[in-house]
Asks: 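Here you go, one structure.
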Amino acid sequence: MGLQKGLVTCFVGVLFLSTLLLSSADVHHYEFFVRESNFTKLCNTTTLLVVNDSYPGPEIRVHRCDTVFVNVHNQGNYGFTIHWHGVKQRRNPWSDGPEFITQCPIQPGTNFTYEIVLSDEIGTLWWHAHSDWTRGSVHGAFIILPAENETYPFPTPDADQTIILESWYDGDYKQIIDDALAAGVSPRQPSAYAISGHVGDTYGCPNDTIFRMQVDSEKIYLLRIINAAMNEHFFFTIANHTLTVVAQDASYVRRFTRDYILISPGQTMDVLVSANRNVGQYYMAIRPFSDSSAAPVDNITTGIFEYTNSEGGLNASLITLPVMTATDAMINFLNQIRNTNVSQNPGMNVPADKDIKTRAFIAIAVNNLPCNTCVLGSRIVASLNNVSFVSPRIDILQAYYNRNMSGVFTEDFPLNPPVFYNFTGDLTNFNTPIEEGTRVIVVNYGEGVEMVLQATQMGAGGSHPMHLHGFSFYWVGTGFGNFNNETDPSTYNLVDPPLINTVHVPGRRWVAIRFFATNPGVWFMHCHLDRHSSWGMDTVLIVRNGRTKETSMRPPPSTMPRCPGT
């Protein structure tokens with residue numbers, strides 16, 4: 001890794017931050033060599049595509065407002081891209097990363113350098129591959145420390161620890177989803193869950209390793225927790241210790257304390273824990289949460305929170321976690337999350353009713369379409385407003401920017417479901433027509449946007465972690481059942497809504513988000529349950545350029561990967 005320093009004034013947006021940061025911002029350079037390596041877990045050796053021969057991959061650790069260049073070398077057997085999850089990439093969608101949305105894949109034997117320019121992000125984010133299921137093994141942490149002379153809005157921790165929650169498969173992640181899509185069925189369940197690459201001591205293989213976090217008595221630690229799992233929400237706990245949540249998705253939240261957290265795929269949380277118990281070894285543990293009839297495997301994966309100079313076995317070894325189907329525990333946790341009015345956060349800028357120019361009500365569903373070559377005569381698809389997204393073969397950003405390519409996408413994504421029904425009722429034997437297409441939403445620069453995301457009982461029902469690239473948005477509302485556009489907006493929280501990039505939409509419920517479209521470009525929106533995204537639970541938001549250079553997209557770098565056949 002290389003490093004350059006320079007005194008810069010970090011403007012993070014007139015609308016986005018209440019203070020101006022004058023700091024010595026650094027320029028960092030990383031080299032990612034992506035190739036296959038062997039890993040042995042569950043008494044079985046598996047070949048995986050990874051970065052720099054490590055699972056999880058290398059951690060990027062920088063400061064707020066820094067710039068990061070990552071040169072990605074594809075030494076594997078197929079193309080892929082990398083996404084910098086939660087980084088807004090202001091005016092620079094060219095380095096955002098989703099395959100065939102903002103770029104074409106980096107082909108084997110080639111390289112591409114991403115430019116990641118940080119702005120108001122602070123805390124924990126992550127990076128991952130954004131092609132098929134390659135992110136299952138190609139991922140790592142992206143840590144953003146406070147800028148020079150900037151402090152934490154909570155007691156300064158004595159140390160921090162990154163914890164990545166993962167789905168472990170004995171097999172090639174890309175092949176697993178390719179085979180499932182070809183057969184029209186759901187991909188198989190993971191072989192285990194992992195904590196930072198370790199599957200722990202609950203799966204019966206004596207050679208498996210367990211994640212250990214070494215702590216000193218009476219010290220305070222900041223846990224940087226990332227859910228990198230493919231399809232699993234997780235409860236997380238440390239036995240006999242309390243957890244204080246201080247940030248989510250690289251934005252500080254009002255502190256609250258629980259004995260567990262709930263974290264969905266794609267989300268990150270910063271959590272304080274005090275090593276204030278008797279010296280010893282204590283289990284940390286994860287277990288999936290599900291409110292879907294297509295439930296994950298109810299395995300518990302363990303790690304150890306280990307005090308210095310502990311002797312003997314585990315203290316208080318009983319693990320207390322909500323049961324997998326504990327919907328009340330899920331709702332109770334989510335209801336605690338609120339924004340906090342601290343100088344280190346962007347100034348609160350929630351669009352008011354008068355600011356909203358685009359309103360979208362989006363029904364989230366899993367469906368079926370006929371398939372003569374599939375195992376059951378049909379194939380599983382997923383949809384937003386009855387549109388199942390089809391990935392093009394030329395990236396949408398290139399087609400939009402150049403204006404000389406037709407047939408890549410259409411600007412007619414429906415802002416309401418074509419059919420209204422009892423979204424959260426008994427939908428047995430009920431189906432609605434599904435269309436496949438590459439249909440996008442287009443908005444003007446600077447306008448206020450509201451999206452209501454409605455979970456439905458189509459398919460297996462259940463929760464959806466919905467992620468929007470290029471933005472952090474305000475989660476302003478949630479409620480049980482079907483959204484009522486006459487009465488439910490009166491329940492919105494416009495005072496201290498969380499500012500996040502991935503929102504948990506619980507089963508049989510709705511959530512509402514708002515944001516100003518002040519980042520010109522092409523931005524992917526999708527469910528972060530990867531099987532749902534693979535089935536088409538995606539769309540794209542295009543934000544037109546504003547009237548000035550500063551409110552318009554940057555031109556593309558000359559080194560963008562070429563699309564196949566061009």
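All values below were derived from every heavy atom in this structure, side-chain atoms included, with hydrogens, water molecules and symmetry-related copies excluded. All residue numbers refer to positions in the sequence shown, counting from 1.
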Asks: When you check the side-chain N and O atoms of Thr102 and Asp395, is any donor under 3.5 Å from an acceptor?
Replies: no
Asks: Quick one: closest heavy-atom pair of Pro392 and Ile396, and the distance?
Replies: CG-CG1, 3.8 Å
Asks: Could you go through the side-chain contact (heavy atoms from CB on, under 4.5 Å) check for Phe234 and Leu262 one step at a time?
Replies: CA-CA 6 Å; Phe234 282 123; Leu262 173 73; over 6 Å; no
Asks: Applying side-chain contact (heavy atoms from CB on, under 4.5 Å) to Trp94 and Leu397, what does each step give before you reach the verdict?
Replies: CA-CA 8 Å; Trp94 307 103; Leu397 176 57; 3.3 Å; yes
Asks: Return yes if a side-chain donor-acceptor contact under 3.5 Å exists between His504 and Ser463, otherwise no.
Replies: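 The criterion, which ignores hydrogens and geometry beyond distance, is satisfied for Ser463 and His504.
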Asks: Any chance the side chains of His526 and His469 put a donor and an acceptor closer than 3.5 Å?
Replies: yes
Asks: Would Lys174 pass as a cation-pi partner of Tyr78, given that its NZ or CZ must be under 6.0 Å from the six-membered ring centre and within 45 degrees of the axis?
Replies: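 Satisfied, under 6.0 Å and within 45°.
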Asks: Does a side-chain N-to-carboxylate-O contact under 4.0 Å join Asp96 and Lys88?
Replies: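 Lys88 and Asp96: not salt-bridged.
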Asks: Closest approach of Ala194 and Val199, non-hydrogen atoms and distance?
Replies: CB-CG1, 4.2 Å
Asks: Restricting to non-hydrogen atoms, name the atom on Ile220 and the atom on Pro155 that form the minimum distance, rounded to 0.1 Å.
Replies: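 Heavy atoms only, the tightest pair is CD1-CB, 4.5 Å.
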Asks: Do Tyr282 and Phe305 have ring centres separated by under 6.0 Å?
Replies: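 No.
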Asks: List the atom of Gly197, the atom of Glu166, and the distance in Å for their closest heavy-atom pair.
Replies: N-OE1, 2.6 Å
Asks: When you look at CG of Asp53, are more than 12 heavy atoms from neighbouring residues, nucleotides or ligands closer to it than 6.0 Å?
Replies: yes
Asks: Going by side-chain hydrogen bond (donor to acceptor under 3.5 Å, both in side chains), Thr301 matches just one of Tyr203, Trp168, Tyr193. Which one?
Replies: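 In the set Tyr203, Trp168, Tyr193, the residue that makes a side-chain hydrogen bond (donor to acceptor under 3.5 Å, both in side chains) with Thr301 is Tyr203.
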Asks: Does Tyr114 have its ring centroid less than 6.0 Å away from the ring centroid of Trp84?
Replies: yes
Asks: According to the interplanar angle, ranging from 0 to 90°, do the rings of His532 and Trp535 count as parallel (below 30°), tilted (30 to 60°) or perpendicular (above 60°)?
Replies: tilted
Asks: Applying side-chain contact (heavy atoms from CB on, under 4.5 Å), run through Ile101 and Phe389 and close with a yes or a no.
Replies: CA-CA 11 Å; Ile101 307 299; Phe389 187 83; 3.8 Å; yes
Asks: Does the separation of the ring centres of Phe154 and Tyr152 fall below 6.0 angstrom?
Replies: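 Aromatic pair counts; centres sit under 6.0 Å.
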Asks: Looking only at side-chain N and O atoms, does Asn501 offer a donor or acceptor that is under 3.5 Å from a partner on Ser472?
Replies: no
Asks: Run the side-chain contact (heavy atoms from CB on, under 4.5 Å) test on Ser167 and Glu232 for me, step by step, so that the C-alpha distance in whole Å, both residues' side-chain angles and the decisive distance to 0.1 Å come before the verdict.
Replies: CA-CA 8 Å; Ser167 309; Glu232 294 83 27; 2.5 Å; yes
Asks: Could you tell me whether Arg90 and Asp120 make a salt bridge, using a distance below 4.0 angstrom between a side-chain N and a carboxylate O?
Replies: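 Counted as a salt bridge, because a side-chain N and a carboxylate O are separated by less than 4.0 Å.
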Asks: Taking atom types as modelled, find out whether Thr302 and Asp201 have a side-chain donor-acceptor pair closer than 3.5 angstrom.
Replies: yes
Asks: Under a 4.0 Å N-O cut-off, is there an ion pair linking Glu121 with Arg64?
Replies: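 Looking at Glu121 and Arg64, the cut-off is not met.
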Asks: Going by the side-chain contact (heavy atoms from CB on, under 4.5 Å) test, name the single residue among Thr502, Asn339, Leu334 that passes it with Trp475.
Replies: Leu334
Asks: Just wondering, more than 12 heavy atoms not from Arg393 lying within 6.0 Å of its CZ?
Replies: yes
Asks: Taking the ring centre of each residue, are His85 and His528 less than 6.0 Å apart?
Replies: yes
Asks: Side chains of Thr551 and Thr548: is there a donor and an acceptor less than 3.5 Å apart?
Replies: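 Side-chain D/A pair, Thr551 to Thr548: present.
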Asks: What pair of heavy atoms forms the shortest contact from Leu499 to Pro346, and how long is it?
Replies: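 Taking Leu499 first and Pro346 second, the nearest heavy atoms are CD2-CG, 4.0 Å.
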Asks: For Gln175 and Asp178, test the side chains for any donor-to-acceptor distance below 3.5 angstrom and give the result as yes or no.
Replies: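 No.
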Asks: I'd like to know whether the aromatic ring centres of His233 and His464 sit less than 6.0 Å apart in this structure.
Replies: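 No, the ring of His233 stays outside the 6.0 Å limit from the ring of His464, centre to centre.
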Asks: Restricting to ring pair (Phe, Tyr, Trp, His ring centres under 6.0 Å), what partner residues turn up for Phe33, sequence neighbours left out?
Replies: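 For Phe33, the residues satisfying ring pair (Phe, Tyr, Trp, His ring centres under 6.0 Å) (neighbours in sequence not counted) are His73.
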Asks: Can a side-chain donor-acceptor contact be found between Glu99 and His83 if the only test is distance below 3.5 angstrom?
Replies: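 No, because no side-chain N or O of His83 sits under 3.5 Å from a partner of the opposite role on Glu99.
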Asks: Are a donor atom and an acceptor atom from the side chains of Asn52 and Ser54 found within less than 3.5 Å of each other?
Replies: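 No.
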Asks: How far apart are the closest heavy atoms of Thr237 and Asp259, and which atoms are they?
Replies: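 Answer, listing the atom of Thr237 first, then Asp259: OG1-O, 2.6 Å.
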Asks: Do the side-chain N and O atoms of Asn92 and Glu115 include a donor-acceptor pair separated by under 3.5 angstrom?
Replies: no
Asks: Under 3.5 Å, is there a donor-acceptor pair between the Thr242 and Thr257 side chains?
Replies: no
Asks: Describe, in one word, how the ring planes of His198 and Phe211 are oriented to each other, choosing from parallel (under 30°), tilted (30 to 60°) and perpendicular (over 60°).
Replies: tilted
Asks: Assess whether salt bridge (charged side-chain N to carboxylate O under 4.0 Å, His left out) is satisfied between Asp208 and Lys41, documenting all intermediate values.
Replies: CA-CA 6 Å; Asp208 283 337; Lys41 301 183 190 303; over 6 Å; no
Asks: Taking atom types as modelled and ignoring hydrogens, do the side chains of Arg224 and Thr124 form a donor-acceptor contact shorter than 3.5 angstrom?
Replies: yes
Asks: Cut-off 3.5 Å, side chains only: do His28 and Asp66 have a donor facing an acceptor?
Replies: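 Distance-only check passes for His28 and Asp66.
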Asks: Indicate whether the side chain of Asn111 and that of Asn71 have a donor and an acceptor atom separated by less than 3.5 Å.
Replies: yes
Asks: Can you name the residues that form a ring pair (Phe, Tyr, Trp, His ring centres under 6.0 Å) with Tyr474, not counting sequence neighbours?
Replies: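 Result, ring pair (Phe, Tyr, Trp, His ring centres under 6.0 Å) vs Tyr474: none returned.
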Asks: Would you please indicate yes or no on a ring centroid separation below 6.0 angstrom for Tyr30 and Trp127?
Replies: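 Trp127 vs Tyr30: aromatic centres not under 6.0 Å.
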Asks: Sequence neighbours left out, what passes ring pair (Phe, Tyr, Trp, His ring centres under 6.0 Å) with Phe80? Give chain and number order.
Replies: none
